[in-house]
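What you are looking at is a predicted structure, and each value in this text was computed from that prediction instead of being measured.
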Amino acid sequence: MRDNGKNRPEGEFKGVGLAGDTLKDRSRGSLERRKRQLRGKLIMINSALALVIIMVVLVCRVVALNRGEGDAVEVSDRLKNQAEAESGKKGSPKKAKATPKPTPVATEAPNGSDRWLRKDLDSSKPMVALTFDDGPYAPVTERILAVLKKHGSSATFFCVGNRVPNYTSVVKQAYEQGCQLASHTFEHAILTKLKKSKITWQIDKVNEVMQDIAGCETTALRPPGGLISDKVKKAVGVPMVCWNVDSEDWKSRNKKKILERCASIEDGDIVLMHDLYPTTADAIEKLVPRLVKKGFQLVTVDELFYYKGIKVKPGEVYFSGK
């Protein structure tokens, strides 16, 4: 016989019924939980979207504000500059253009002849040019200058250029006394052995140191050894002065012998000496007053040529004023 439940005990029937109600309730509860969870998620999503939208809107507003401020500043600056420009045009005086300073024009260096060419000498009286090579050398040159000054006389000093910086005071003294500063090259170089460019350098270098110390350039050159060639003549830009009376003071270094070689000095002579040896200064202390007593005017080389009417030329060689 089939059991349709009628013969089951009451308790067992109820138990089956209760079990069915519990499953249904559980299903309903689970569905409601899912709905609540879905609603929560939707709320969170919507909130997030709203937050994003708000952030985007805020960023856009900030950007717009900044841009507006920048444009306002730019417009303000532009208006300010325009106002200043208009004010300057109307009321402010125009700035005067700066007057350019004149470019200094280099003046030609004086040759010193204004100092050592006296124009008040007596051309009718005999003249002699004492010349001194290889200096300066203060212990001797100063003695010679003292004698010349005492007797109102002048001489010509053919200086070696590289010695000049060591004896600046005596060179200045010679110039102030009216003695002629001339060139004996910068290194006492034998010019005939040099190239043209080196010859020019030897002469220019002397003028450079003379310009620095005495403020003048030289107007005459004595080639060391008296050695001259066509090449030297073409390279030299001043007259070259040799001599016709040689005291040989460098050779004898004896006062008596020096005076003997100068005993027959004549009008227009150019005498060669050296301001390196004390014996030369000894001889000068006797020779100068002796010549002055005889009526000689002791002059510079430039003075001798000037008063003798000799028109000297650059590169030419002169031995006397005769």
What heavy-atom pair brings [X] and [Y] nearest, and what distance separates the two atoms?
X	Y	result
Ile228	Pro223	CG1-CG, 3.6 Å
Cys179	Leu148	SG-CD1, 4.1 Å
Gly112	Tyr175	CA-CE1, 4.2 Å
Lys231	Leu194	NZ-O, 2.5 Å
Pro314	Gly237	CB-O, 3.4 Å
Val236	Val238	CG1-O, 3.1 Å

Check: [X] side chain, [Y] main-chain N or O, donor-acceptor pair, under 3.5 Å:
X	Y	value
Tyr318	Lys313	yes
Arg115	Gly178	no
Arg253	Trp250	yes
Thr131	Val271	yes
Glu187	Gln202	no
Asp275	Gly135	yes
Asp249	His274	yes
Lys286	Lys256	no
Arg222	His184	no
Gln173	Glu142	no

Just how far is it from atom [atom1] of [X] to atom [atom2] of [Y], taken to the nearest 0.5 Å?
X	Y	atom1	atom2	answer
Ser124	Gln297	OG	CD	7.5 Å
Leu304	Leu298	CG	CG	11.0 Å
Asp246	Arg261	CG	CZ	5.5 Å
Glu217	Ser113	CD	OG	11.5 Å
Ile199	Asp204	CD1	CG	11.5 Å
Phe158	Asp133	CZ	CG	6.5 Å

Linking I/L/V/M/F/W/Y whenever any side-chain heavy atoms sit under 4.5 Å apart, do [X] and [Y] land together?
X	Y	result
Val312	Val128	no
Leu145	Val288	yes
Phe132	Leu181	yes
Phe296	Leu121	no
Met127	Ile310	yes

Listed partners of Lys322 passing side-chain hydrogen bond (donor to acceptor under 3.5 Å, both in side chains), at least two apart: Glu266, Asp269
Can you confirm whether [X] sits close enough to [Y] that some side-chain heavy atom of one is under 4.5 Å from a side-chain heavy atom of the other?
X	Y	result
Met273	Cys262	yes
Val209	Val171	no
Phe305	Ile270	yes
Cys242	Val317	yes
Arg118	Ser154	yes
Phe157	Ile144	yes
Val147	His151	yes
Leu191	Leu221	yes

Can you confirm whether [X] is buried at [atom1], in the sense that more than 12 heavy atoms of other residues, nucleotides or ligands lie under 6.0 Å from that atom?
X	atom1	value
Lys193	NZ	no
Tyr137	OH	no
Lys198	NZ	yes

Asp302 versus Thr219, side-chain donor and acceptor atoms under 3.5 Å: yes
Under a 3.5 Å cutoff, is there a donor and acceptor pairing between the side chains of Asn207 and Thr218? yes
CA sep, side-chain torsions, deciding dist, call: Asn254, Thr279, side chain to side chain contact (heavy atoms under 4.5 Å, CB included): CA-CA 6 Å; Asn254 181 279; Thr279 49; 5.8 Å; no
The single option from Arg143, Lys257, Lys255 that satisfies salt bridge (Lys or Arg N to Asp or Glu O under 4.0 Å) with Asp282 is Arg143
Please test Arg163 against Leu276 for side chain to side chain contact (heavy atoms under 4.5 Å, CB included), starting from the C-alpha separation and ending with a verdict. CA-CA 12 Å; Arg163 295 179 62 86; Leu276 289 181; 3.7 Å; yes
